[in-house]
Colleague: 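This is the structure, below, for whatever I ask next.
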Amino acid sequence: MNPNLEKNLKEELDELKENDLLRTVDDLRFISSTRAIDNDGKEFLVFGTNNYLGLTHHPQVIKACQEASIYGTGSTGSRLTTGASFEARELENNISEFKNTESTLIFNTGYMTNLGVIYALSKENDVIFSDQLNHASIIDGTRISKASVRIYKHKDTSDLENLIKKEIESNNKSNFFIVSDGVFSMDGDIAPLPELAKIADEYNCCLIIDEAHATGVIGKNGKGTVEYYKDKTGIDLNESVDLQIGTLSKALASEGGYVSGKQVYIDYLINKSRPFIFSTALSPSTIASANAALNLLKENGEEYLSKLNENTILMRKSLNDAGLDVVDGETPIIPIIIGPADLANRFSKELEKEGILVSSIRPPSVPKDMSRLRLTVMATHTKEEIECTAHKIIGIWNALK
Ligand SMILES: *Cc1c(COP(=O)(O)O)cnc(C)c1O
């Protein structure tokens with residue numbers, strides 16, 4: 001026992017509470033892709049999940065999950081030992097086909113994928129250039145890597161280029177990596193992939209993008225950032241991106257992560273990436289669910305994506321027209337900047353009373369005084385649900401501000 005440590009922890013928690021920054025876990029059960037109940041059975045309409053296409057409750061996905069469970073509820077080991085892997089192999093091949101890459105490797109979460117890829121590939125004399133607003137799992141991957149890390153200003157490719165030039169001048173560095181979210185998780189904006197690709201080509205950098213909020217979310221068929229820019233500019237950047245990292249837990253309606261790219265990287269990771277080597281593989285059901293969701297996305301991508309876009313545009317327009325401080329953008333991640341953490345908290349509590357769940361995002365996830373509501377719109381929300389929610393948000397904002 002260490003009474004001093006316990007006292008210090010308690011003090012830190014009290015301080016968080018005083019500043020409206022204490023985090024607690026609420027229990028929820030999803031009864032459909034958009035509706036959940038709490039412990040008292042109260043029902044909420046949810047505008048805060050990453051389940052962009054609502055596929056967690058699609059009958060075909062649930063059926064695939066159930067059917068795979070006859071092969072056991074757990075995988076029994078790491079993929080390199082006894083870990084059950086028929087489903088994993090099938091999904092990996094399916095992702096490679098979808099992403100038009102040579103090979104894919106599944107990890108247990110998107111978080112572990114970033115840790116496992118970044119630290120395994122980057123060595124002591126290497127340099128990782130990382131966007132200032134990259135996801136925590138990328139930051140943690142760069143922290144456990146022995147490479148040096150240079151943070152460039154958010155989406156600022158001239159800052160990135162200057163940092164690269166400086167490293168070249170100070171020489172004796174070996175490999176350079178550029179790592180960026182494809183769609184940024186808190187602001188919902190999209191990485192400047194054409195410029196990143198140009199810089200990566202010019203300076204021989206390995207370019208890694210994290211497609212967690214992009215796969216199934218942007219691009220005409222939901223293929224992510226590369227497709228988004230192909231639609232927009234006609235230029236195919238597929239060859240310029242060395243590795244695409246992603247998650248199975250967002251649009252793909254399950255859990256797990258993946259990395260997709262050239263075979264040599266995948267073979268190397270199988271041999272050197274500790275989160276892959278030393279962790280039990282995902283269960284057959286978990287992987288089969290993701291695979292079923294991916295098959296649906298492949299079959300109906302255009303339809304899902306056009307519905308998601310339609311909903312996104314409607315929500316953004318309704319809030320903007322009412323004068324709310326909505327961060328501009330085109331993705332279904334819709335941040336409404338509130339400012340102080342306590343006000344953001346009160347806002348989401350008021351919405352909760354009205355039966356709507358939206359997360360309030362506070363420091364350290366976002367900078368101080370940039371606390372926000374972070375709304376996410378789904379393809380399975382109805383027009384009426386969106387209009388009614390926008391109406392309630394506007395009403396509460398006018399009462400609170
Ligand atoms: C959610 C997210 C992850 C983590 O994925 P999990 O599967 O939830 O661990 C990684 N990167 C980004 C950009 C994310 O938004």
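Here, residue 1 is the first one in the sequence, and each next residue gets the next number. Order of listing sets the numbers, starting from 1, for every ligand and every atom in it. Computed from heavy atoms alone, side chains included, the values below leave out hydrogens, waters and symmetry copies.
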Colleague: State plainly whether the residues E43 and R35 are in salt-bridge range, i.e. N to O under 4.0 Å.
Modeller: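 Looking at R35 together with E43, the answer is yes, because their closest N to O distance falls below 4.0 Å.
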Colleague: Find the distance between CG (L248) and OG1 (T286) and round it off to the nearest 0.5 Å.
Modeller: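 Reported to 0.5 Å precision, the distance equals 9.5 Å.
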Colleague: Give the residue, atom name and distance (to 0.1 Å) of the protein heavy atom nearest atom 9 (O) of ligand 1.
Modeller: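 Closest protein heavy atom to atom 9 (O) of ligand 1: Y111 N, 2.9 Å.
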Colleague: So between M186, H135, E211, E255, whose heavy atom ends up nearest atom 3 (C) of ligand 1?
Modeller: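 Comparing heavy atoms across M186, H135, E211, E255, the nearest one to atom 3 (C) of ligand 1 lies in H135.
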Colleague: Within a distance under 4.0 Å of any heavy atom of N114, pick out the atoms of ligand 1 and give their elements.
Modeller: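 Taking each heavy atom of N114 in turn, ligand 1 has 10 (C), 11 (N) under 4.0 Å.
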Colleague: Check each of Q244, K99, K223, E227 against T215 using the side-chain hydrogen bond (donor to acceptor under 3.5 Å, both in side chains) test, and report the only one that passes.
Modeller: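 For T215, the side-chain hydrogen bond (donor to acceptor under 3.5 Å, both in side chains) check succeeds only for K99.
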Colleague: Answer yes or no: are there more than 12 heavy-atom neighbours, outside E255 itself, under 6.0 Å from its atom CD?
Modeller: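 For E255, atom CD is not crowded (no more than 12 foreign heavy atoms under 6.0 Å).
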Colleague: Does only the side chain of K250 get under 4.0 Å from ligand 1, or the backbone, or both, or neither? Count heavy atoms.
Modeller: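 Just the side chain.
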Colleague: Begin from the C-alpha positions of F177 and F129 and carry the test side chain to side chain contact (heavy atoms under 4.5 Å, CB included) through to its verdict.
Modeller: CA-CA 6 Å; F177 295 83; F129 300 91; over 6 Å; no
Colleague: Measure the distance from atom 13 (C) of ligand 1 to every protein heavy atom, then report the residue, atom name and distance (to 0.1 Å) of the closest one.
Modeller: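 Minimum-distance protein heavy atom for atom 13 (C) of ligand 1 reads D210 OD2, 3.2 Å.
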Colleague: Would you check whether S137 reaches within less than 4.0 Å of ligand 1, judged by its heavy atoms?
Modeller: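 It does; at least one heavy atom falls under 4.0 Å.
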Colleague: Are the side chains of N114 and I245 in contact, using a 4.5 Å heavy-atom criterion?
Modeller: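 In short, these two side chains touch, coming nearer than 4.5 Å.
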Colleague: Distance to 0.1 Å, residue and atom name: give those for the protein heavy atom nearest to atom 6 (P) of ligand 1.
Modeller: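 Protein heavy atom at minimum distance: G110 N, 3.4 Å.
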Colleague: For ring pair (Phe, Tyr, Trp, His ring centres under 6.0 Å), just list the numbers for H135 and Y111, CA-CA rounded to whole Å, side-chain angles, deciding distance to a tenth of an Å, and then say yes or no.
Modeller: CA-CA 9 Å; H135 189 262; Y111 186 98; 7.2 Å; no
Colleague: Between F184 and H213, is the ring centroid distance below 6.0 Å?
Modeller: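 That pair fails the under 6.0 Å test.
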Colleague: Is there a heavy atom of A136 sitting under 4.0 angstrom from any atom of ligand 1?
Modeller: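 Not so, A136 does not reach ligand 1.
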Colleague: Would you mind running through ligand 1 and noting each atom that sits below 4.0 Å from a heavy atom of G256?
Modeller: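 Ligand 1 atoms under the 4.0 Å threshold to G256: 7 (O).
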Colleague: For ligand 1, which is the ligand I care about here, please tell me if D181 has any N or O atom under 3.5 Å from one of the ligand's N or O atoms.
Modeller: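 No; the residue has no nitrogen or oxygen that sits under 3.5 Å from a nitrogen or oxygen of the ligand.
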Colleague: For N50, which part has a heavy atom under 4.0 Å from ligand 1: side chain, backbone, both, or neither?
Modeller: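 It is neither; nothing of N50 touches ligand 1.
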Colleague: Look up atom CG in L324 and atom CG in N398, then write down how far apart they are to the nearest 0.5 Å.
Modeller: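 Result: 7.5 Å between the selected atoms.
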Colleague: Please identify which atoms of ligand 1 are closer than 4.0 Å to at least one heavy atom of S185.
Modeller: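 Contacts of ligand 1 toward S185, numbered from 1: 15 (O).
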Colleague: Which atoms of ligand 1 have any heavy atom of A212 under 4.0 Å away?
Modeller: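 Answer for ligand 1: 2 (C), 11 (N), 12 (C), 13 (C), 14 (C), 15 (O).
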Colleague: Under 3.5 Å, N or O to N or O, is T247 touching ligand 1 that way?
Modeller: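 For ligand 1, there is an N or O atom that lies under 3.5 Å from one belonging to T247.
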Colleague: How far is atom 8 (O) of ligand 1 from its nearest protein heavy atom, and which residue and atom name does that atom have?
Modeller: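 That would be S249 OG, 3.4 Å.
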Colleague: Does atom NZ of K198 have more than 12 heavy-atom neighbours from other groups under 6.0 Å away?
Modeller: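 Check fails, neighbour count at 12 or below.
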